[in-house]
There are 2 protein chains.
Amino acid sequence: MSASITTLQQLLFDLAGILPADTAPLFAMTRQAKLAANETYIREGDTERRLAFIEQGIMRAYIIKSNGDEATLFLRWEKQFIASHDTIIHRRPSRFIYRALEPTTLLEIDYDVLEEVLKTHPEYEPLRNFFLMRMLSESLNIMESFVTLSPEERYRNLLAERFDLVNRVPDKYIASMLGITPVSLSRIRKRMLDKGKG
Amino acid sequence: MSASITTLQQLLFDLAGILPADTAPLFAMTRQAKLAANETYIREGDTERRLAFIEQGIMRAYIIKSNGDEATLFLRWEKQFIASHDTIIHRRPSRFIYRALEPTTLLEIDYDVLEEVLKTHPEYEPLRNFFLMRMLSESLNIMESFVTLSPEERYRNLLAERFDLVNRVPDKYIASMLGITPVSLSRIRKRMLDKGKG
DNA sequence: AGATGCAGTTAACAAAAGATAATTTCGCAG
DNA sequence: CTGCGAAATTATCTTTTGTTAACTGCATCT
């Protein structure tokens, strides 16, 4: 039994009072996926509607800009959901690429299959609701940080709230998530150090 | 019968094949709210879990920054949903303020009441799913624009996609949504004009 | 060990944004 | 129509970011 299944069973119990023994119809449709460091999980143009729970590792979602550069939309790590949002929300080929930054273990399900399961087992519906709310919450937080904070403040925030993450991930991806260039992030770090010393 | 009810009945039919005649248990719990221009719908600190569909008008969601300035998170208008997301997602008092920019008509429901209705009428569940996905989609779009586009490009985007909106709303709110100051937006507009002429 | 390659820093300059204040424009109430 | 107040523009100056390129450090591969 994978650790993520236990976690999700606990979640289902908390959300809907469903006992682990009664979750078989759902977890029968999930499978474990293992990704090597730097391995791509979803490619640009892929149409699979993948939904996954991260058991171990870090995933990065990014897009290729019109000028060819990459822009990192977000990072997700242990106990978080990651979903091919273009395919799930809009049923269109993914413009985004999802890639593991570390050796990563996922518990995945095809969203179409999940919908089938939900038709016969509506009692699992709170779980879908939960992950949609979680993703919405995270997106709104990020939006909020863009309209209320300067790049430096956003970086300080990230350090304060996700110090572990910043240390596990190359700065260039952090910079991109913050909406700035790696050069600019480097200068922010320097300014922060200088202030700290002075 | 309000126009929004008809719209939402159509939506429920498209999503779940539910006939308008069978939507009474849901719409019995909704009510129309009318707001004057500049009237506040949800205050900072409010705990009501309000979910509304905008029949007519424009709503602005904003937050008071630590320095006292306002930051506009988003605008919503006809046929869109607006929800007190702090209270609904986190069950905490709203840090955001929701205010009408024009005389506005909403069809509203209390989220707790909606959840009660959904317990006895799970057939409406696709509607909740729909609005969560819609909001998630919009948030992700905005996030994407922050990491892939410059302020000027974000403004051009907004003009291209929501020209009508830009003309209905004071520039200062547009600027704030774009993550810049009104002064800076004014300069962007000037640069765009100059380029167009030159 | 040496070569290769990439992430991160630094430098130099151009472009853009922030802050503040003055000025103009615009909408609207009287 | 007039006058008031808010919104938008403009100006000036400072700070920050973008861009490009050089350089530094570090890990990896042979």
Side-chain angles (χ1 to χ4, degrees), chain A residues 36-39 58 60 62 65-72 75 99-103 145-159 165-198, chain B residues 36-39 58 60 62 65-72 75 99-103 145-159 165-198:
Chain A
N38 270 319
E39 187 177 343
I58 300 189
R60 173 171 78 104
Y62 66 99
K65 293 198 280 181
S66 47
N67 68 5
D69 288 356
E70 296 179 356
T72 296
L75 302 170
R99 183 191 287 246
L101 288 181
E102 300 176 353
S145 75
F146 276 112
V147 299
T148 58
L149 303 176
S150 67
E152 174 166 340
E153 290 169 323
R154 290 200 292 280
Y155 181 62
R156 285 179 185 278
N157 238 27
L158 200 64
L159 281 180
L165 181 74
V166 177
N167 275 46
R168 280 167 75 182
V169 171
D171 281 349
K172 59 177 184 168
Y173 302 139
I174 302 287
S176 179
M177 267 180 64
L178 296 175
I180 59 179
T181 62
V183 176
S184 193
L185 177 57
S186 181
R187 286 188 290 226
I188 287 172
R189 287 158 61 95
K190 188 180 173 66
R191 282 200 296 268
M192 285 169 62
L193 271 174
D194 290 354
K195 274 188 196 170
K197 277 184 192 165
Chain B
N38 270 319
E39 187 176 344
I58 300 189
R60 174 171 78 104
Y62 65 99
K65 293 198 281 183
S66 47
N67 68 5
D69 289 355
E70 296 180 357
T72 297
L75 302 169
R99 185 191 286 246
L101 288 181
E102 302 176 352
S145 76
F146 276 112
V147 299
T148 59
L149 303 176
S150 67
E152 174 167 339
E153 291 168 324
R154 289 200 293 279
Y155 181 61
R156 285 179 185 278
N157 238 25
L158 201 64
L159 282 180
L165 181 74
V166 177
N167 275 47
R168 278 168 75 183
V169 171
D171 282 348
K172 59 176 184 168
Y173 302 140
I174 302 288
S176 178
M177 267 180 66
L178 296 174
I180 59 178
T181 62
V183 175
S184 193
L185 177 57
S186 181
R187 286 188 290 227
I188 287 173
R189 288 158 62 95
K190 186 180 175 67
R191 282 201 297 269
M192 286 171 59
L193 271 174
D194 289 354
K195 273 188 196 171
K197 278 183 192 165

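Just so we're on the same page: letters track the sequence lines, and every chain starts at 1. Bear in mind the structure is a predicted one, so any value in this text is a computation, not a measurement. Any value given below was found using the heavy atoms of this structure, including those in side chains, with hydrogens, waters and symmetry copies removed.
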Margin query: How long is the straight-line distance from CG of A/Asn157 back to CD of A/Glu152, given to the nearest 0.5 Å?
Written below: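 The CD atom of A/Glu152 sits 11.5 Å away from the CG atom of A/Asn157.
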
Item checked: Pairing residues for A/Arg168 by the salt bridge (charged side-chain N to carboxylate O under 4.0 Å, His left out) criterion, not counting sequence neighbours ->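 A/Arg168 satisfies salt bridge (charged side-chain N to carboxylate O under 4.0 Å, His left out) with A/Glu78, A/Glu102 once adjacent residues are dropped.
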
Notebook entry, point to check: Can you name the ring pair (Phe, Tyr, Trp, His ring centres under 6.0 Å) partners of B/Tyr173, sequence neighbours left out?
Noted result: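 Listed in chain order: nothing, the list is empty.
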
Checklist line | ring pair (Phe, Tyr, Trp, His ring centres under 6.0 Å) involving B/Tyr155 - partner list, sequence neighbours excluded | finding: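 B/Tyr155: no ring pair (Phe, Tyr, Trp, His ring centres under 6.0 Å) contacts found.
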
Next item on the list: Determine, step by step, whether A/Ile188 and A/Arg191 satisfy the side chain to side chain contact (heavy atoms under 4.5 Å, CB included) criterion, reporting the C-alpha distance in whole Å, the side-chain angles of both residues, the deciding distance to 0.1 Å, and the verdict.
Entry: CA-CA 5 Å; A/Ile188 287 172; A/Arg191 282 200 296 268; 3.4 Å; yes

Using side chain to side chain contact (heavy atoms under 4.5 Å, CB included) as the criterion, list what pairs up with [X], not counting sequence neighbours.
| X | result |
| --- | --- |
| B/Arg154 | B/Ser145, B/Phe146, B/Leu149, B/Pro151, B/Leu178 |
| B/Val183 | B/Thr181, B/Arg187 |
| B/Ala100 | B/Leu35, B/Met59, B/Thr104 |

Whole-Å distance between [N] [atom2] and [X] [atom1]?
| X | N | atom1 | atom2 | value |
| --- | --- | --- | --- | --- |
| A/Asp194 | C/dT10 | CG | C1' | 13 Å |
| B/Asn167 | D/dA7 | CG | P | 17 Å |
| A/Leu101 | C/dC6 | CG | P | 16 Å |
| B/Lys190 | D/dT12 | NZ | C1' | 15 Å |
| A/Asn38 | C/dG5 | CG | C1' | 14 Å |

Next item on the list: Return the set of residues passing side chain to side chain donor-acceptor pair (under 3.5 Å) with B/Thr72 (not counting sequence neighbours), or none when no residue passes.
Entry: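 In terms of side chain to side chain donor-acceptor pair (under 3.5 Å), with neighbours along the sequence ignored, B/Thr72 is linked to B/Arg60.
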
Next item on the list: Mind checking side chain to side chain donor-acceptor pair (under 3.5 Å) for B/Ser150 and listing every partner two or more places apart, or none if nothing turns up?
Entry: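 Testing B/Ser150 for side chain to side chain donor-acceptor pair (under 3.5 Å), a comparison that skips the adjacent residues, returns B/Glu153.
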
Every protein N/O within reach of nucleotides 23-29 of chain C N/O, cut-off under 3.5 Å:
none

Margin query: A/Ile174 vs A/Leu75, test: side chain to side chain contact (heavy atoms under 4.5 Å, CB included). Steps then yes/no.
Written below: CA-CA 9 Å; A/Ile174 302 287; A/Leu75 302 170; 4.2 Å; yes

Next item on the list: Just report the end-to-end axis angle for the helix from C/dA1-D/dT30 to C/dG30-D/dC1, five pairs per end, to 10 degrees.
Entry: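 Taking five pairs per end, the axes differ by 40°.
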
Notebook entry, point to check: When every nucleotide of nucleotides 16-30 of chain D is labelled 5' to 3' by its protein contacts under 4.0 Å (heavy atoms), B for base, S for sugar-phosphate only, - for none, what sequence of letters results?
Noted result: SBBBB----------

Checklist line | Contacting residues from residues 170-178 of chain B, given that a heavy atom lies under 4.0 angstrom of DNA chain D | finding: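 Those residues whose heavy atoms fall under 4.0 Å from DNA chain D, taken from residues 170-178 of chain B in numerical order, are B/Pro170, B/Asp171, B/Lys172.
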
Next item on the list: State, with a plain yes or no, whether a side-chain heavy atom of B/Met177 is found less than 4.5 Å away from one of A/Val147.
Entry: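 A side-chain contact under 4.5 Å is absent here.
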
Check: Can you tell if the side chain of A/Leu159 reaches within under 4.5 Å of the side chain of A/Arg156, non-hydrogen atoms only?
Finding: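 Counting from C-beta outward, A/Leu159 and A/Arg156 never come under 4.5 Å.
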
